[in-house]
Amino acid sequence: MDIAATAEKIAKGDRRALARAITMVESSRDDHRAQATELLETLKPQGRQAVRIGLSGTPGVGKSTFIEAFGCLLTGKGLKVAVLAVDPSSARSGGSILGDKTRMERLSRDPNAFIRPSPSQSQLGGVARRTREAIELCEAADFDVILIETVGVGQSETMVAEMADLFVLLLAPAGGDELQGVKRGIMEMADLILVNKADGDLKPAATRTCADYMGALKLLRKRPQDPAGFPKAMMVSALAEEGLNTAWGEMSSLVQWRRENGHFDGARAAQARFWFGEEVRQGLLRQLETPEARAVMATLAEKVATGDMSATRAAEEVLARLGGA
Ligand code: GDP
């Protein structure tokens with residue numbers, strides 16, 4: 001790959017160059033990784049900033065319907081929208097569930113939209129790096145908004161929240177116990193809770209659910225990165241395309257406030273620090289996976305099991321070797 005030429009094409013918004021570059025960052029081949037790193041470094045000086053929006057919700061809540069409608073609303077405003085998906089479960093099925101273009105037919109045909117299905121990866125650590133790099137590539141390709149979609153399970157939310165400027169939680173209207181169904185930790189990450197399906201017969205339930213969440217959000221500790229009124233809960237209907245413009249207005253005003261008050265860049269700097277530490281940790285873990293390290297571990301584990309060596313001493317021995325590697 002000609003790095004300089006590819007970088008130039010991406011900076012001009014060339015889709016195919018962008019798609020190929022993302023394939024490169026998703027690759028596990030060492031030569032691809034090296035090229036990807038070089039490409040990202042070449043693109044970095046452009047310094048373009050998109051609004052990165054993390055979007056989470058359990059399957060069936062209406063994420064693809066929402067992204068399709070919301071994405072089209074944004075492209076209708078002249079904005080360029082990229083959609084990336086993070087789906088740890090796709091590792092199990094070996095294919096992509098989220099980000100499937102057939103789920104967002106209208107948006108995928110839109111010349112101002114770019115949809116990238118989730119790569120199938122076994123390790124969340126690997127997914128994190130690839131998603132982060134794909135975000136950087138889309139940003140360099142001058143997208144205005146990057147939607148990062150994830151399913152509402154496990155650690156993927158935390159990961160997405162650590163790479164997004166805003167975190168949006170999509171919920172469906174439900175009975176009274178619904179509140180307990182959302183983990184407190186996930187709610188604490190949300191900047192905006194959207195109660196979807198606020199239409200037809202579901203409207204009264206949506207209204208109640210929304211009120212419940214507004215109440216619950218008020219009880220959370222105030223965060224310095226929030227202006228008055230945030231985090232916020234509101235109703236939308238992705239299907240009827242209602243409330244979407246208002247939701248975008250809330251997101252925009254939050255971003256603007258954070259930019260004006262230094263929280264936007266501050267959060268990105270904190271995220272960069274976080275991912276640096278994370279990369280180092282992942283790198284150390286990878287060192288434990290080499291055949292030599294596994295053999296050493298197995299031998300020492302045996303000694304620990306039979307009482308010939310203490311767990312502490314054996315661990316020290318392994319760590320000392322890693323340090324010298
Ligand atoms: P995802 O699994 O979160 O991506 O959910 P989908 O977007 O595939 O939607 C799941 C189901 O909910 C589909 O049958 C949608 O038509 C329906 N749905 C999505 N949004 C709405 C909405 O705003 N109102 C109603 N009534 N149904 C919706």
Side-chain angles (χ1 to χ4, degrees), residues 53-76 81-93 95-110 113-120 127 131 145-157 159-161 164 166-175 178 181-183 186-187 189-190 192-213 232-251:
I53 303 172
L55 181 76
S56 168
T58 47
V61 76
K63 287 182 300 303
S64 31
T65 312
F66 176 82
I67 292 172
E68 165 108 324
F70 188 66
C72 289
L73 173 90
L74 298 184
T75 58
V81 179
V83 180
L84 304 173
V86 173
D87 179 12
S89 64
S90 70
R92 248 172 292 135
S93 60
S96 148
I97 304 166
L98 292 181
D100 184 348
K101 287 192 186 186
T102 59
R103 289 161 74 233
M104 301 165 199
E105 229 172 292
R106 193 155 49 110
L107 191 62
S108 65
R109 281 199 307 266
D110 193 319
F114 175 84
I115 301 179
R116 182 75 181 189
S118 63
S120 52
V127 177
T131 309
V145 177
I146 302 173
L147 289 167
I148 311 135
E149 175 195 15
T150 186
V151 279
V153 286
Q155 290 173 294
S156 59
E157 270 88 2
M159 190 190 96
V160 168
L166 296 181
F167 192 74
V168 176
L169 183 60
L170 208 59
L171 295 173
E178 166 78 4
V182 175
K183 292 196 194 75
I186 291 180
M187 224 172 82
M189 289 189 296
L192 194 60
I193 287 181
L194 299 179
V195 180
N196 190 32
K197 308 193 183 183
D199 50 48
D201 293 348
L202 290 169
K203 187 90 180 242
T207 308
R208 274 196 309 276
T209 304
C210 189
D212 285 350
Y213 278 97
K232 200 171 264 191
M234 57 174 287
M235 288 189 278
V236 295
S237 167
L239 204 61
E241 304 190 10
E242 281 168 13
L244 304 182
N245 202 31
T246 311
W248 172 242
E250 297 290 359
M251 294 179 211

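Since this is a predicted model, take the numbers as computed values, not measurements. Atoms within a ligand are numbered from 1 in the order they appear, just like the ligands themselves. Quick note: residue numbers are just sequence positions, from 1.
- Annotation for M235 and C210: closest pair CG-CB, 3.8 Å, computed over non-hydrogen atoms.
- For ligand 1, the polar-atom distance check finds no N/O of A240 at less than 3.5 Å from any of the ligand's N/O atoms.
- Of the N or O atoms in G60, one or more lie within a sub-3.5 Å distance of an N or O in ligand 1.
- Residue contacts with ligand 1: L202 is placed with no nitrogen or oxygen under 3.5 Å of a nitrogen or oxygen of the ligand (distance criterion only).
- The shortest N or O to N or O distance between L239 and ligand 1 is below 3.5 Å.
- By the criterion of a heavy-atom distance under 4.0 Å, the side chain of N196, and not its backbone, is placed next to ligand 1.
- Between L73 and N245, some side-chain heavy-atom pair lies under the 4.5 Å cut-off.
- Here the closest non-hydrogen pair linking L202 and K197 is CB-O, 3.2 Å.
- By the criterion of a heavy-atom distance under 4.0 Å, the side chain of D199, and not its backbone, is placed next to ligand 1.
- Close approach to T58 involves these atoms of ligand 1, each under 4.0 Å from a residue heavy atom: 3 (O).
- Of the polar atoms of E149, none of the N or O atoms is found under 3.5 Å from an N or O of ligand 1, judged by distance alone.
- Contact check for L147 versus F70: side-chain heavy atoms found under the 4.5 Å cut-off.
- Ligand 1 places these atoms under 4.0 Å from at least one heavy atom of S237: 23 (O).
- Side-chain atoms of L194 and F66, non-hydrogen and from C-beta on, do get closer than 4.5 Å to each other.
- Formation of a donor-acceptor pair under 3.5 Å by the S64 side chain with backbone atoms of M104 is not found in this model.
- Every heavy atom of G57 sits 4.0 Å or more from the atoms of ligand 1.
- Of the charged side-chain nitrogens involved, none lies within less than 4.0 Å of a carboxylate oxygen, so that E68 and R109 do not count as a salt-bridged pair.
- With ligand atoms numbered from 1 in the order given, ligand 1 contributes 2 (O) to contacts under 4.0 Å with heavy atoms of P59.
- Within the 3.5 Å criterion, the main-chain N or O of T75 finds no donor-acceptor partner in the side chain of D110.
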